[in-house]
Amino acid sequence: MNIFFILRSLSSPLILSYIIIFYLLAKNTSCGVDPKFLACPPTTCANNNQSISYPFYIQGKQEPFCGNPGFGISCGPNGFPILNLSNTQYIIHQIFYENQTLRVSNTAFSVSRPNTTNSKGCLPLPLTQNLTLPSTREFDIAPNQTDIRLFYGCGSLPWLEEHKVGCFNETSSVLALYKEDKNISFVSKNCQGEVVDTIVEDGIIGGNEEALTKGFLLTWKAGNCSVCHNTGGRCGFDFVMYTFRCFCTDRVHSAKCGPDDDPG
Ligand SMILES: *[C@@H]1O[C@H](CO)[C@@H](O)[C@H](O)[C@H]1NC(C)=O
Ligand SMILES: *[C@@H]1O[C@H](CO)[C@@H](O)[C@H](O)[C@H]1NC(C)=O
Ligand SMILES: *[C@@H]1O[C@H](CO)[C@@H](O)[C@H](O)[C@H]1NC(C)=O
Ligand SMILES: *[C@@H]1O[C@H](CO)[C@@H](O)[C@H](O)[C@H]1NC(C)=O
Ligand SMILES: *[C@@H]1O[C@H](CO)[C@@H](O)[C@H](O)[C@H]1NC(C)=O
Ligand SMILES: *[C@@H]1O[C@H](CO)[C@@H](O)[C@H](O)[C@H]1NC(C)=O
Ligand SMILES: *[C@@H]1O[C@H](CO)[C@@H](O)[C@H](O)[C@H]1NC(C)=O
Ligand SMILES: *[C@@H]1O[C@H](CO)[C@@H](O)[C@H](O)[C@H]1NC(C)=O
Ligand SMILES: *[C@@H]1O[C@H](CO)[C@@H](O)[C@H](O)[C@H]1NC(C)=O
C-alpha cells in the first residue's frame, strides 16, 4: 500500500466517516468504559417488570457493589422480587426510587390464592407468626401505615362482618381490627384461634383481605442516587471506603458524573 493511496482514502468522505464511526463505537463500548459502570445496569427478575437498581441488587445475579449492604434481594418463584427482613420474606410489589419508598407484603398473604375477587367470601388465610416489622438500620415503616391485629377462629356476629378478612374453616372466620380499636378485647373473646399482628396502609379496614395482599409501605435509608443518575451515572458502593459511589462511564466518582467532581 502506498502513502498516496492512504491519503486519497482519507480524503474520501465515505472512508473518513467509517473511520469516525469506528472510533466512536470503540469509545462507547468495552475498552474505555469503567468496568463498575458496565457491571451495574438496572435489571429485573424473570417474568417481572420491576426495575431493580441501586440501592437494591439481586444476589447472585449482580455484584454486591451495585447496591448497598443490606439491600440484597432474591427472585421468588412467581417472578416477584423478595426482600428478606429480620428473617421474614416480603414480596416487593413496587419500588418508588424517587422518594425512596417501596411497597411490600408478607409472603404469607400472597401464596397463590385461588380467587381473591370475592373479598367477603370464605378463603383460608394461613396461620403464621406475628408479622410486625421492627425498624431496621436500612428500613423504616413509612408514615400513615397502621398496626392491625388478626383474630383466627372467630364465631360469626353480624356486626363483625365488616371486619372479616377470610375464613379459618367453614364455621369460623378471620377478623381484622385496628390495634387501638376499643372493641378488641370483646372480639378476642369471640375467637379461639391465633392472634397475629401485622401492618397495612391506613384506611383499609371495612375492609377486605386485598389490603393484606396489597401490603404496606417502607422507606429506606441509603445514598441518594438522583444526582448521580441524572448525570448519567449508576450508583453503587465501595466496600473499602464503605461509602456511596457514582459509577460513570469514564471512572468512579464520589457523587456525580462530570469533570467538576472529586475522583472516587
Ligand atoms: C408492569 O406490568 C404491569 C402489568 O402488566 C403494568 O400495569 C405496569 O405498569 C408495568 N410497570 C412498568 C414499570 O412497566
Ligand atoms: C434471611 O436472611 C438471614 C440472614 O440475614 C438468613 O439467615 C436467612 O436464611 C434468610 N432467609 C431466607 C428465607 O432467605
Ligand atoms: C435526593 O436528592 C434530590 C436532589 O438533591 C432531591 O430532590 C430529593 O428530594 C432527594 N431524595 C430524597 C429521598 O431525599
Ligand atoms: C412515594 O411515592 C409513592 C408514589 O407516588 C406514594 O404512593 C408514596 O406514598 C410515597 N411515599 C412517601 C413516604 O410519601
Ligand atoms: C373467581 O370467582 C368468580 C366467581 O366465583 C369466577 O367468575 C372467576 O372466574 C374466578 N376467578 C379466578 C381467577 O379463578
Ligand atoms: C403476636 O403478638 C401478640 C401480642 O403482641 C401475642 O399475644 C400473640 O401470641 C402473638 N402471636 C404469634 C402467632 O406469635
Ligand atoms: C398521611 O396522612 C395525612 C392525613 O391523611 C396526610 O395529610 C399526609 O400527607 C399523609 N402522609 C403521607 C406521607 O402520605
Ligand atoms: C373451626 O375452628 C374452630 C376454632 O378452632 C373450632 O372450634 C371448630 O370446631 C372448627 N370447625 C370445623 C368444622 O372444623
Ligand atoms: C364497637 O362495637 C359496637 C357494636 O357493639 C359498634 O357500634 C362500635 O362502632 C364499635 N366500635 C368501634 C371503635 O369499632
Side-chain angles (χ1 to χ4, degrees), residues 37 40-42 44-45 48-57 65-73 80-83 85-86 88 90-106 109-110 131-148 162 176-181 197-238 241-249 252-264:
F37 177 87
C40 300
T44 60
C45 286
N48 188 273
N49 61 5
Q50 174 61 58
S51 175
I52 306 295
S53 61
Y54 181 91
F56 300 95
Y57 66 98
F65 63 66
C66 297
N68 231 51
F71 289 82
I73 61 174
F80 280 107
I82 303 282
L83 181 65
L85 284 181
S86 311
T88 305
Y90 293 87
I91 288 180
I92 298 178
H93 294 271
Q94 204 170 355
I95 303 176
F96 306 104
Y97 290 100
E98 66 279 9
N99 61 6
Q100 305 196 176
T101 304
L102 75 163
R103 179 185 298 286
V104 297
S105 69
N106 194 283
F109 296 127
S110 306
L131 305 172
T132 47
L133 179 80
S135 281
T136 66
R137 205 145 44 91
E138 292 86 15
F139 297 95
D140 281 322
I141 311 287
N144 295 358
Q145 314 298 299
T146 307
D147 290 323
I148 62 167
E162 65 172 302
L177 272 83
Y178 292 121
K179 251 168 133 177
E180 64 271 22
D181 193 314
D197 292 339
T198 189
I199 306 163
V200 293
E201 266 188 275
D202 272 4
I204 63 95
I205 289 187
N208 58 54
E209 87 178 88
E210 265 164 40
L212 297 173
T213 322
K214 203 163 162 253
F216 57 94
L217 295 173
L218 295 175
T219 58
W220 73 73
K221 291 167 267 186
N224 182 340
C225 186
S226 68
V227 174
C228 174
H229 179 78
N230 292 342
T231 53
R234 291 171 181 166
C235 300
F237 198 80
D238 184 322
M241 300 167 91
Y242 217 77
T243 188
F244 172 87
R245 293 284 103 167
C246 183
F247 303 150
C248 305
T249 52
V252 175
H253 292 246
S254 64
K256 62 176 199 278
C257 301
D260 56 335
D261 190 46
D262 296 335

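Index from 1, following the sequence. Both counts, for ligands and for their atoms, begin at 1 and track the order of listing.
Nearest protein heavy-atom contact of atom 14 (O) of ligand 4 is Asn99 ND2, 3.9 Å. Nearest protein neighbour of atom 9 (O) of ligand 4, counting heavy atoms only, is Leu217 CD1, 3.7 Å. Given atom 1 (C) of ligand 7, the protein heavy atom at minimum distance is Asn144 ND2, 1.5 Å. Scanning all protein heavy atoms for the shortest distance to atom 8 (C) of ligand 3 gives Asn224 ND2, 3.8 Å. Nearest non-hydrogen protein atom to atom 13 (C) of ligand 4 is Thr101 OG1, 3.5 Å. With respect to atom 5 (O) of ligand 3, the closest heavy atom belonging to the protein is Val227 CG2, 4.3 Å.
Thr101 places a side-chain N or O within donor-acceptor distance of the main-chain N or O of Asn99, the cut-off being under 3.5 Å.
When every heavy atom of Ile199 is checked against every heavy atom of Phe216, the shortest pair comes out as O-CD2, 3.3 Å. Heavy-atom minimum distance, Asn224 versus Phe244: O-CZ, 4.0 Å. For the residue pair Gln145 and Glu201, the shortest heavy atom distance occurs at OE1-CG, 3.2 Å.
For atom 11 (N) of ligand 7, a protein heavy-atom neighbour is found at a distance under 4.0 Å.
In this model, Cys66 has its SG atom within less than 2.5 Å of the SG atom of Cys40. Sulfur-to-sulfur, Cys257 and Cys228 sit at least 2.5 Å apart at their SG atoms.
Between Glu98 and ligand 3, no N or O atom pair is found at a separation short of 3.5 Å. Note: no N/O pair closer than 3.5 Å links Thr219 and ligand 4 by distance alone. Polar contact check, Ser226 against ligand 3: a nitrogen or oxygen pair lies under 3.5 Å apart.
In summary, the atoms of ligand 3 found under 4.0 Å from a heavy atom of Gln100, numbered by their order in the structure, are 13 (C).
A heavy-atom distance below 4.5 Å is not found between the side chains of Phe247 and Phe237. With contacts defined as side-chain heavy-atom distances shorter than 4.5 Å, the pair Arg234/Ser53 does not qualify.
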